[in-house]
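Notes follow once the structure below has been shown.
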Amino acid sequence: MEERLQKLLASAGVASRRKAEEMIAAGRVSVNGVTVTELGTKADFGKDRIFVDGKPVVHKERKIYVMMNKPKGYLCTVSDTHDRPIVLDLLPDWHVRIYPVGRLDMDTSGLLLLTNDGKFTNAMIHPSHRINKVYRVRVKGTPTEDQIEELKRGLVTEEESFAPAKIRFLAKEGKYTTWQVVIHEGKKRQVRRMFDAVGHRVEALTRTNFDFLSVDGLKEGEWRFLKKDEVRRLFKDAAGRGEKEKTKSGFAVPRSKRKTSHFYDKKKGR
Ligand code: URA
């Protein structure tokens, strides 16, 4: 539906109507490539390409789903008090509050999703939904077969526990070995802590896959929008895997009560 540009910019969350009028008068707004300075001009979000300061305006209600190949050295946060680089620095400003889906450490690179859709975020990160995340992990030294078996079974220490991981040997280079690790949990610094627990420090960590998505094709720092069917499939996969863990009542089974639980049970001490 066509609406006055200032009203449209205000409803998109760009600025108040008065500020938007000032932006238009100052020649900061363009519609379909043409700078607009007249306040009565009308436009349609559905049809017209509206830019402010050369950046596309996206309606704040519009859901955005992005996948990025995060480089090392960027924080997964929406702002940083110390002014360090953040992943949002790598995206255009759509005047919409988008944020990372879960986290990768500053020193981790690879596949990161970002969105402004809270339901999508919950579906992707809830551990009961068992979305697989695949990492390429370079560690110092060569873990023994027993150590790898321990991680595969689901490591339990006095302080913490990790669900079973799928682990595959990839390569050995000098003092380092590289492994492919598949987990569905998303605990803080999980992969680093898993290998720390068996005495092998992680030297480099990259997330290569998130469910069926692969980072291949995106260079570090590059991003793309997810396609509609990719978003649909991610929701479906999250729901499908979550179903397995549900009771008849539809509520998720508490971890401690799951028959197949590999999680540390504080009461039982295992
Ligand atoms: N595990 C980690 O240790 N770090 C990450 O960034 C992701 C998984």
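Quick caveat: nothing in here was measured; it's all calculated off a predicted structure. Atoms within a ligand are numbered from 1 in the order they appear, just like the ligands themselves.
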Residues R201 and D196 bridged, charged N to O under 4.0 Å:
no
For Y135 and R207, test the side chains for any donor-to-acceptor distance below 3.5 angstrom and give the result as yes or no.
yes
Atom indices of ligand 1 within 4.0 angstrom of Y135 heavy atoms, with elements
7 (C), 8 (C)
With atoms numbered from 1 as shown, which atoms in ligand 1 lie under 4.0 angstrom from a non-hydrogen atom of D105?
2 (C), 3 (O), 4 (N), 5 (C), 6 (O)
Determine whether the side chain, the backbone, both or neither of T108 has a heavy atom under 4.0 Å from any heavy atom of ligand 1.
side chain
I'd like to know if R17 and E21 make a salt bridge, using a cut-off of under 4.0 Å between side-chain N and carboxylate O.
no
Say whether R103, considering both its backbone and side-chain N or O atoms, lies within less than 3.5 Å of an N or O atom on ligand 1.
no
L104 to ligand 1: N or O pair under 3.5 Å?
no
Thinking salt bridges, do E230 and R224 make one under a 4.0 Å N-O criterion?
yes
What residue and atom, counting heavy atoms only, is the protein's closest point to atom 1 (N) of ligand 1, and at what distance?
V191 N, 3.1 Å
May I ask you to list the atoms of ligand 1 that are less than 4.0 angstrom from any heavy atom of L205?
1 (N), 2 (C), 3 (O), 4 (N), 5 (C)
N-O pairing of D105 and R189 below 4.0 Å:
yes
Do D107 and K72 sit within salt-bridge range, that is, some charged N less than 4.0 Å from a carboxylate O?
no
